[in-house]
Amino acid sequence: MPTIVVEVMPKAELLDPQGKAVAGALARLGKSRFSDVRLGKRFELTVDGPVDDALLAEVQQLAADLLSNSVIEDVISVHAAEADDLGPGADSGDTTTETPLGAAADSVQR
Amino acid sequence: MRIGVVTFPGSLDDRDAQRAVRLAGADPVALWHGDHDLHGVDAIVLPGGFSYGDYLRAGAIASRSPIMTDVIDAANRGVPVLGICNGFQMLTEAHLLPGGLIRNAVGTFVCRDQRLRVENASTAWTGGFEAGQEITIPLKNGEGGYIADADTLERLEGEGRVAFRYLGANPNGSLNDIAGVTNERGNVVGLMPHPEHATEPGFGPDTPDAMRSGIDGLAFFTSVLSTFAAA
C-alpha cells in the first residue's frame, strides 16, 4: 500500500525539552561527539489507492493544519513512499521511492 | 446563571469545575464533546485533564471536537470562555488564544501550589481581583511552557493581555513567566494553573492561617457571575 510520510520537528529556535533529556542521557553514556539532540515526529499515512499530486497537496494542508502546530513546530517533509520501503533501513539506501511534492515543495521548510 | 463545563475523552477536572461553579453560586451544566449543543449556557469552562492522552499535541485532538465549533462561535459572540490547563492548550490549538504550550523546561511533571500575580483584572474571569493581586492556586502539568514569537509576546504585553504571571521560580520555562492570557475582548481566558481546585476550605492550598484553606480560585467563577449581574 502506498504511504505518505510527514515529518514534523519542534521549531529550531525553541527549547526542545525531550531532545535535551536525550542529549543529557548521551552525555552520561560518554557519547561526547554529540552536542545536541532534537526530537520530532514522523507520521505514516497509509493510502487507499494511488498517490497523486492532489492527495499530496491535501496531506500538505493536513500537515500544516492538524499534524503540526505552526506556533511550536515546522513541517520538515511531506513525501510519498511505498510501504515496502518503510520500516528498518527504509531511508538507508537508494531503494526508497520518494516522490517530491512538486509545486507545493516550496512551502516545505527544510 | 448557567455555566457549561465540557467533558472530553480524558477530561479529569470536569467534576471539580462543576463543583466550583456551584460553590460560586451558579448552575453547572454538563456539556459533551461530541454534541453540537451548548444548552444555551451563559459561559463555558474547558476543564483540565489529558484529552486523548495528549496524543498528537496536548489539546490538539480535543480542539477539533464537534462542540468546539460551537464554543468558537460562542467565544466570537462574546460568551465568556475559561480554559484551564488542558482547556488552555485547547484554546491555543483552536486559535482562540495566541501562543502555544510545550513540555516543561525542567523535564518533569510539576505539581505544587503556585503563587501568581493577576496582571489583568478586567477580563470576564478576573474582574473580582485587583490588578497586581497575588493569589495561590494549584499547578499540575507536564506541558505548561508558554511560548509565542517575539511579536506576539510584545503585543500581549503591550495590550495588557497577560492575565496571570508566575511568581517566584518559573515552574515550566514559560516565556515572560506567563501563566495565562486573554483575548483582545477579555471574554476568553486561558491559564495553566487550576482555580477550580482552590474554591472550598479544607480542599485548597495551605495558607498562613490554616492548612488547605486557600480559596483564591473562587473569584474566577464569581467574577463571571458579576459580569452578568452587571449586564
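Values reported hereafter were calculated over all heavy atoms of this structure, with side chains retained and with hydrogens, waters and symmetry mates removed. Each chain gets a letter, A, B and so on, in the order the sequences are listed, and its residues count up from 1.
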| task | For the residue pair B/I147 and A/I72, establish whether any side-chain heavy-atom pair is separated by less than 4.5 Å. | result | yes

| task | Can you establish whether the number of heavy atoms outside B/F109 located under 6.0 Å from its atom CZ is more than 12? | result | yes

| What are the two closest heavy atoms between A/L66 and B/L56, and how far apart are they? | O-CD2, 3.5 Å

| said: Taking CD in B/E154 as the centre, count heavy atoms belonging to other residues, nucleotides or ligands within less than 6.0 Å. Is the count above 12? | reply: no

| note | So, the part of B/L175 with a heavy atom under 4.5 Å from chain A: the answer is neither

| request: Can you establish whether the number of heavy atoms outside B/E184 located under 6.0 Å from its atom CD is more than 12? | output: no

| Are A/K41 and B/R57 close enough that some pair of their side-chain heavy atoms sits under 4.5 Å apart? | yes

| remark: Between B/A105 and A/P17, the two heavy atoms sitting closest are CA-CG, 4.3 Å

| When you look at CZ of B/R15, are more than 12 heavy atoms from neighbouring residues, nucleotides or ligands closer to it than 6.0 Å? | no

| query | Out of curiosity, A/N69 CG to B/H95 NE2, how far, rounded to the nearest 0.5 Å? | reply | 6.5 Å

| field | CD1 on B/I102 to NZ on A/K11, rounded to 0.5 Å | value | 12.0 Å

